[in-house]
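One-based numbering, in listed order, for ligands and for the atoms of each. Keep in mind the model is a prediction, meaning the values are calculated, not measured. In what follows, residues are counted from 1 in the order of the sequence shown.
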Amino acid sequence: MTTPAKPQSPAGRLSATPQADLPLRRHHRLAILLLCGLAACASPGPDPAGGFRYTPPSAPPAAPAPEGASGFTPKPGWEAQHFMVAAANPLATDAGYQVLKAGGSAVDAAIAVQMVLGLVEPQSSGIGGGAFLMHWDGKRVQAFDGRETAPAAATPELFLRDGKPLPFLEAVIGGRSVGTPGALRMLEMAHREHGRLPWKDLFAPAIRLAEEGFLISPRLATMLAAPEAKTLRNDPDMAAYFFNADGSPKAAGTRLKNPELAKVLRDIATRGSAAFYEGNIARDIVARVRKHPTNPGLLSEADLAGYAPKQREPLCTEYRVYRLCGMPPPSSGALAIAQMLAILEHTDIVKHPPVQADFGLEPSPQAAHLFSEAGRLAYADRNRYVADPDFVPLPGASPASLLNPAYIKGRASLIGERSMGVARPGTPAGATLALADDRSPELPSTSHISVVDAQGRAVAMTTTIENGFGAQIMVRGFLLNNQLTDFSFLPAENGTPIANRVQPNKRPRSSMAPTLVFMRNSGALSMSVGSPGGSAIINYVGKTLVGTLDWGLDAQQAISLPNFGSRNGPTELEQGRASTALVDGLKARGHDVRVIVQTSGLQAIQRSAPEGKVMWFGGADPRREGVVMGD
Ligand code: GLU
């Protein structure tokens, strides 16, 4: 067992007390046990190579771990010297690990991970969805945009009936919400530039698992058994795949084979993404969307054939001694986080480290106050101004206006000792548009992958089919996204157009925030991080950044810290993980507090102290099934 190296303690601000209070055990056996408890694996054994290798599943799992509000399984954090991969399911993490071990690049690993995730965590992401990928090659940061697009035939009235917005679930289920999938072509684009192993090899782990079968994980089983999942049976392919003949959901530990997906993946492995975007598979996708029995959609073969991933200018900002790079619009993630951090730089949040509660660390009332207020201000601007910039430019036609130091200073000055309640959007230079509609509730889905390879290249990729199980349409073993419901259902308010309205070929606004953090002085990579969680992603990733960069927590501690913040509504605290002192402290500051389920799925990899032998420290969210592996 190696002695755990302390993660980097930026600017010497490690909050020694909270860290010492956390019983961190970062050794291999615990990692293996944890991994097996979570992912239905059996026959664990230490890796002869000394890494975090685990033995793939070969027997039924232990009892399912609880989900949702009570689904919190403490995790130790993991360390490795050369390379590391963090993903939301152990089988997927393992696929990435094998690729890295074979000399693959970070992008190679991300592709292998994505293909396995689409199989074993099908409710969250896959080739039927979209993704954003941030890449660091040691010199340059790139932002790859694989976001879905609206069909060419879509109109701003897509989600209206008799002039009124459709109820959320009515819009979600069926063909109407399906955007042109973008993840696969984006990955192919990234692989062309940064792949080291042959494209076809990266599909081998997923093909093998699809053919030989994998054991349904506790989380997938819980989602299948949830009341919200009853509509899944309406799709004949999903009914046959996820449910028993008597209609009951398949249980955790059931071996599931997906020969149809294996065939699709084989085809893509040999012929590239064209196998998916043109020909029989594309035809099947379009047929299922357009002929949906209750809610047909508009996707066409031309939409699929014409899908183009994009490289965008990464949104990089400086925060204290760091440089953060994330995905610019159409994601609102990086911009909102950059605004929040810039606003917080005007506060003394750094002097309010987490405090000890019964269950572990939690934010102090003052820190939660400052963070929530910064969130209110950032979400207000996000809702008004952010959309696909190819259709609706940001105020001033770049993120600079919303991040202008004088503008930010003005926004920060709105934070007082008591909550502002609801923030109004600001008026940055060049502002013109009306308020966009806010998001509706959703089944937690989406997935985040962080990778660093042996050459120091890094990936932060967040990937999604939007709501849990997407549009609830299964084609050839994979699920189609419902990403178009990320558009505003209302195209205009009082006659003024909403930035994030539906338009043909436009990308819906996202909150996904895959983030790479660098040291400002040396330029060295410091962290790769991201999370699912709908619009709360901004708060989840923001919390992890404040936890690590301001309070000196390690990635695992910061991820495990209770979720908190405001999306410019009430102040949200995490159910089961908020003390009375915190609730009362916020109420005393005038906050309307709601304690709710907040199922983040954070994954992060962080550079450890440069003088130590151990180089990377990884954390995975105790609220989901993620694990980290590396050597
Ligand atoms: N579709 C959402 C987005 O792109 C992510 C959904 C989720 O994380 O649950 O912002």
Side-chain angles (χ1 to χ4, degrees), residues 67-68 88 117 121-126 128-134 143-150 159 168-169 171-172 177-183 186 219 223 226 228 326-337 378-379 382-383 386-388 436-449 460-472 479-489 500 502 506-515 529-542 544 563 567 596-603 621 623-624 626:
E67 290 281 332
L117 282 178
E121 199 199 29
Q123 71 273 21
S124 293
S125 74
F132 295 125
L133 186 153
M134 300 300 302
F144 291 91
D145 173 346
R147 185 70 164 169
E148 295 89 336
T149 50
F159 293 115
F168 185 65
L169 269 186
V172 165
S177 65
V178 179
T180 316
M186 182 277 284
R219 181 169 174 77
M223 289 196 66
E228 295 86 348
M327 194 71 212
S331 187
S332 60
L335 183 50
I337 289 170
Y379 274 87
R382 161 194 184 270
N383 282 355
V386 182
D388 182 345
D437 219 2
D438 206 352
R439 292 291 321 280
S440 307
E442 56 207 83
L443 264 181
S445 71
T446 308
S447 217
H448 178 78
I449 305 164
M461 168 173 159
T462 312
T463 174
T464 182
I465 55 170
E466 214 312 90
N467 207 46
F469 301 97
Q472 306 192 4
L479 295 171
L480 297 181
N481 71 83
N482 65 297
Q483 213 65 244
L484 302 186
T485 58
D486 269 2
F487 280 117
S488 168
F489 284 20
N500 187 33
V502 185
K506 187 178 176 181
R507 286 156 153 86
R509 181 188 66 201
S510 170
S511 305
M512 294 193 287
T515 307
V529 60
S531 179
S535 57
I537 289 172
I538 291 161
N539 283 332
Y540 297 158
V541 175
T544 311
N563 287 319
R567 291 180 277 176
I596 58 167
V597 175
Q598 297 197 61
T599 317
S600 52
L602 288 148
Q603 253 81 242
D621 204 314
R623 302 159 187 88
R624 298 200 190 196

For R147 and D145: C-alpha separation, side-chain torsions, deciding distance, then whether salt bridge (Lys or Arg N to Asp or Glu O under 4.0 Å) applies.
CA-CA 6 Å; R147 185 70 164 169; D145 173 346; over 6 Å; no
Derivation of the side-chain contact (heavy atoms from CB on, under 4.5 Å) call for I449 and L117
CA-CA 10 Å; I449 305 164; L117 282 178; 3.9 Å; yes
Atoms of ligand 1, numbered as shown, that sit under 4.0 Å from any heavy atom of [X]:
X	result
I537	8 (O)
P532	8 (O)
D486	1 (N), 2 (C), 3 (C), 4 (O), 10 (O)
G534	6 (C), 7 (C), 8 (O), 9 (O)

Test of understanding: given a 4.0 Å heavy-atom threshold, classify the contact between R147 and ligand 1 as side chain, backbone, both, or neither.
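The part of R147 near ligand 1 is the side chain, not the backbone.
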Quick one: does Q483 get within less than 4.0 Å of ligand 1, heavy atoms only?
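Yes, Q483 has heavy atoms under 4.0 Å from ligand 1.
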Consider only side-chain N and O atoms of T180 and T149, and report whether a donor and an acceptor are under 3.5 Å apart.
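A donor-acceptor contact under 3.5 Å links the two side chains.
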Could you tell me if R382 and S511 have a donor-acceptor pair between their side chains, going purely by distance under 3.5 Å?
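Their side chains do contain a donor-acceptor pair, which is all the 3.5 Å distance test asks for.
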Can you find a pair of side-chain heavy atoms, one from V541 and one from L602, that are under 4.5 Å apart?
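Answer yes - side chains close enough.
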If you look at every heavy atom in F159 and L484, which pair is closest and at what distance?
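It is CE1-O, 3.1 Å.
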Taking N or O atoms only and a 3.5 Å limit, does S511 qualify as a polar contact for ligand 1?
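Yes, at least one N or O pair falls under 3.5 Å.
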